[in-house]
Structures are given as structure tokens and as C-alpha cells.
Amino acid sequence: MPSPILLKDKVGMNGLGAGVWNLGPGTDPFGGPTRDAIPMLDRLPMLADAGMTYYEAHDTEITAADAPKAAKIAKSLGLKCAMYTPSFFTATEFKDGAMSSNDPAIRKKGLENALRAVDTTALLGAKTMVFWNGREGFDFVLAKSGREVVKRLVEGFNKVGAYARKNYGTKIKFAIEPKPNEPRANMYLANVGEVLYLISRLDADVQPIFGLNPETAHSRIAGLDYTWDIELCLEAGKLFHIHLNAQDGQRYDQDLPFGYTEPLKDLALCVVLQDAKYAGPICFDVKAPRVDDPANISDVLTVSSRNLVWLWERALEVDRKKIQAFRAENRLTALSGYLAECLYGR
Ligand code: GLT
Ligand code: MN
């Protein structure tokens, strides 16, 4: 088994991670699988083989019942669980969202699933539970009262937070992952700013355990700059987790290999993470493409990791004093040229 990939001088948690769903059977909204689905627990050794230190999973992929077995397998592989997450988007009952649903019975069901997922997060030894906004949104205006939705989300997250505090102190933290659209036309908690606002509305004792899991491609789908989004999380002390990938323009969610579309921005992002001494885990959320043969589906992880390692090491060599000088002289085109030199120069 190859040794885990580490980032030079990374502070705190080192090693890379990815979701078990990243190694899927090649489905898309217009076509079924193009290769056999690999059983979820069999994907753990594949992640380890690809040099990952961490895995991530939904409650639909590694269920509460499967968790003890998964923990055992992971341990034998030297893998750790970086985050666990309740799926509020696959089950048909959550077709119009869970926490934001108009139906109190569905909201209750969502809450029950979330509390169970908190226990499974702890059982798997993860420090973080993620909430991706998924189907929390609307396709038709006035389908839900937006003002009511904020209250529902606040109430739901307060309850989950209170449960975690009571049973696990501050051991389990929550990272909300924003996305602007897809699967809904409009999603609540669409961007980093919306999530920070929501957190500011939570009860004071649960606020410290709520933060974000920004995903680079989600910022790009919204037409936003992910380096700034991540800087904002850092400034707020709320960068609890991160999902790295790439996106080829403002279109459907592609989950392309990290480093593929915007290497210069990715270099800048590495500089930001290094300077902030980001100590949390760095994980990919990438999708093995439909056309890749079964034998090669881990390529999406090895390519992402190599790109990250190269960019990270180049970022370590970026002369911070030069950045300051370019800023002071207002030579911003030259600053961009300097970054390009760090990226492409010999
Ligand atoms: C889904 C989504 C991702 C989230 C996952 C966690 S599921 O694939 O596109 O961005 O991180 O729920
Ligand atoms: Mn993600």
C-alpha cells in the first residue's frame, strides 16, 4: 500500500481526504451507471491506495449499522473519518428539503436523521459533521416563506447543536456547505455569506460549534471567487473543513479534479491557507467521470492530489514580501505576473 500523501509544512491535520461517493458508478442526470457500483466499504481500501488519509461518507453510504464495521476496516487501513454527513437529498421524503420543509413531520424526520448522524459521526471518530444544503431550496417563488425558512433552519440547527453539546461537549463540530443551485433552482444557504448570517442567528452556546465547509466549485457555480470565500471563512474563524475540486465555468456541478481549470487561483488559495496556518483537513470532492474505465476511477484522486502537492509546494516558495511590495506600489498586474512566474517559471 502506498504511503499517505502529505503536504509539506502543513500545520495541524495533515494528509488528504475524499468521499466514498467520489468513486461512483458513473451516473449522471441523463444516464445510468457506466460501470458496476463498488460496495461502499470496498471503496475504503481504494482511498487508502490512492494515498488518502481521510475518508468521508453519507449516512446512506455507511449507515449507522455499518459504522462499527467501517471503523474497523478504516483502522486496519490507517484511514480516519474526516467527516460524516446526513443525506437530506436522496430519500424521496426529502424531495422539498428537510430542515426547510413546509411539513413539520418532514422537518422532524430530518432532525431525527441528523441526531442519529451525530452519534455515528462520534462512533466513526470524526470531529466534523457536514450539512450540505442539497434540497433545501425552492423552484417556484412563494413555494415557501423565505422568512419562515430562516426560522426553521435556525431552530433545526439549534436542536442539533444542543444535542451535540449535551452528549459530546465540543468534540463534534458542524460544517455547513453552501451551494447556489442544483438540485434546486435556488438553494437556501447559497453562499458563504448566507451561512455566516445563519450562524450569527444561532443560540450563543451552539454558535462556536458551527462553521463552514466551502467547496471551490460551488463558489464558481455562483460566479464567485473561491479564494475570497475561503478568506472570509478564515476571517470569521469558521473554516472548519474544505472541499477542493474544479469547475469549468458556470454550469452544472462537475466536481472536476482539483487544479484542472484555474491553477493560478489554486496557487493563491494555497498561499492563503498556508498564511492562515489552516489546521483542519483538506479533502477533495471530485467525481470519477462517466467515461473512465473501472480500473482507472481512482485517477480523479491521484491527479487531484498531485496537482495539489505541486501547487502547495510552489505556494511555499511564493515570496510574501514581494506580494506586499506589489500591493504597496499598486502594481497589481505585476503581482499577477509574479504569481504566474511562480506557477509556470523555471
Ligand atoms: C454531494 C454534493 C457535495 C457534498 C456532499 C456532502 S454530497 O455530492 O455535491 O458537494 O459535499 O453531502
Ligand atoms: Mn462537497
Side-chain angles (χ1 to χ4, degrees), residues 16-29 37 40 43 47 52 54-63 81-91 94 97-100 110 113-114 116-118 120-121 124 126 128-137 157 160 173-184 187-192 194-195 211-222 224 226 229-230 233 239-248 250-258 269 280-290 297 300-301 304 308:
L16 307 175
V20 291
W21 67 90
N22 289 183
L23 302 174
T27 50
D28 73 14
M40 290 299 163
R43 297 182 196 186
L47 293 176
M52 299 297 107
Y54 301 102
Y55 72 98
E56 306 184 338
H58 292 91
D59 57 358
T60 45
E61 294 155 348
I62 295 178
T63 61
C81 186
M83 69 86 157
Y84 188 68
T85 177
S87 162
F88 283 167
F89 47 94
T90 40
F94 297 132
M99 298 282 220
S100 71
N113 284 13
R116 193 177 329 116
V118 172
T120 314
T121 303
L124 291 171
T128 305
M129 183 165 123
V130 162
F131 280 104
W132 173 53
N133 54 349
R135 292 194 192 272
E136 312 293 0
F157 288 129
V160 181
K173 293 205 161 99
F174 300 94
I176 300 176
E177 180 178 340
K179 190 180 176 189
N181 58 272
E182 206 199 18
R184 307 311 298 273
M187 278 146 76
Y188 304 123
L189 306 172
N191 54 50
V192 166
E194 280 189 34
V195 176
L212 280 100
N213 175 30
E215 174 169 318
T216 49
H218 293 177
S219 297
R220 296 314 268 146
I221 295 170
L224 298 171
Y226 47 83
D229 267 350
I230 287 163
C233 293
L239 188 66
F240 285 10
H241 200 84
I242 194 166
H243 271 172
L244 297 183
N245 52 10
Q247 174 74 16
D248 190 2
Q250 272 178 286
R251 60 180 83 200
Y252 59 88
D253 192 3
Q254 295 175 291
D255 293 330
L256 293 165
F258 177 72
L269 174 60
I282 294 188
C283 296
F284 300 117
D285 192 354
V286 288
K287 186 172 183 170
R290 204 155 192 265
I297 64 170
V300 76
L301 299 177
S304 295
L308 174 58

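Quick note: residue numbers are just sequence positions, from 1. Every heavy atom of this structure was used, including side-chain atoms; hydrogens, water molecules and symmetry mates were not. Whatever order the structure lists them in is the order used to number ligands and atoms, beginning at 1.
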>> Going by the rule ring-ring contact (aromatic ring centres under 6.0 Å, His included), which residues pair with F94 if we only count those two or more places apart in sequence or in a different chain?
In response: F88
>> For a 4.5 angstrom cut-off between non-hydrogen side-chain atoms, does N245 reach L256?
In response: no
> Any side-chain donor paired with an acceptor under 3.5 Å for H218 and E182?
Replying inline: no
> Going through the checks in order, is the salt bridge (charged side-chain N to carboxylate O under 4.0 Å, His left out) test met by D253 and K179?
Replying inline: CA-CA 10 Å; D253 192 3; K179 190 180 176 189; 3.0 Å; yes
> Got a sec, which residues hit salt bridge (Lys or Arg N to Asp or Glu O under 4.0 Å) with D59, two or more places apart in sequence or on another chain?
Replying inline: none
Give every pair formed by an N or O atom of ligand 1 and a protein N or O atom closer than 3.5 Å, one pair per line with both atom names and the distance to 0.1 Å, or write none.
residue	atom	partner	partner atom	Å
ligand 1	10 (O)	E177	OE2	2.6
ligand 1	10 (O)	E215	OE1	2.9
ligand 1	10 (O)	H218	NE2	3.4
ligand 1	10 (O)	D285	OD2	2.9
ligand 1	11 (O)	E177	OE1	2.6
ligand 1	11 (O)	E177	OE2	2.9
ligand 1	11 (O)	H243	ND1	3.3
ligand 1	11 (O)	D285	OD2	3.0
ligand 1	12 (O)	H58	NE2	2.7

> Would a distance-only check, ignoring hydrogens and angles, find a side-chain to backbone donor-acceptor pair under 3.5 Å from S304 to F258?
Replying inline: yes
> So, E194 side chain and Y188 main chain: donor-acceptor pair closer than 3.5 Å or not?
Replying inline: no
> Are F89 and H58 near enough that their ring centres are under 6.0 Å apart?
Replying inline: yes
>> Short of 2.8 Å from the Mn ion (ligand 2), name each protein N/O/S atom, waters not counted.
In response: E177 OE2, E215 OE1, H243 ND1, D285 OD2
> Would you call W21 and D285 a side-chain contact if the rule is heavy atoms closer than 4.5 Å?
Replying inline: yes
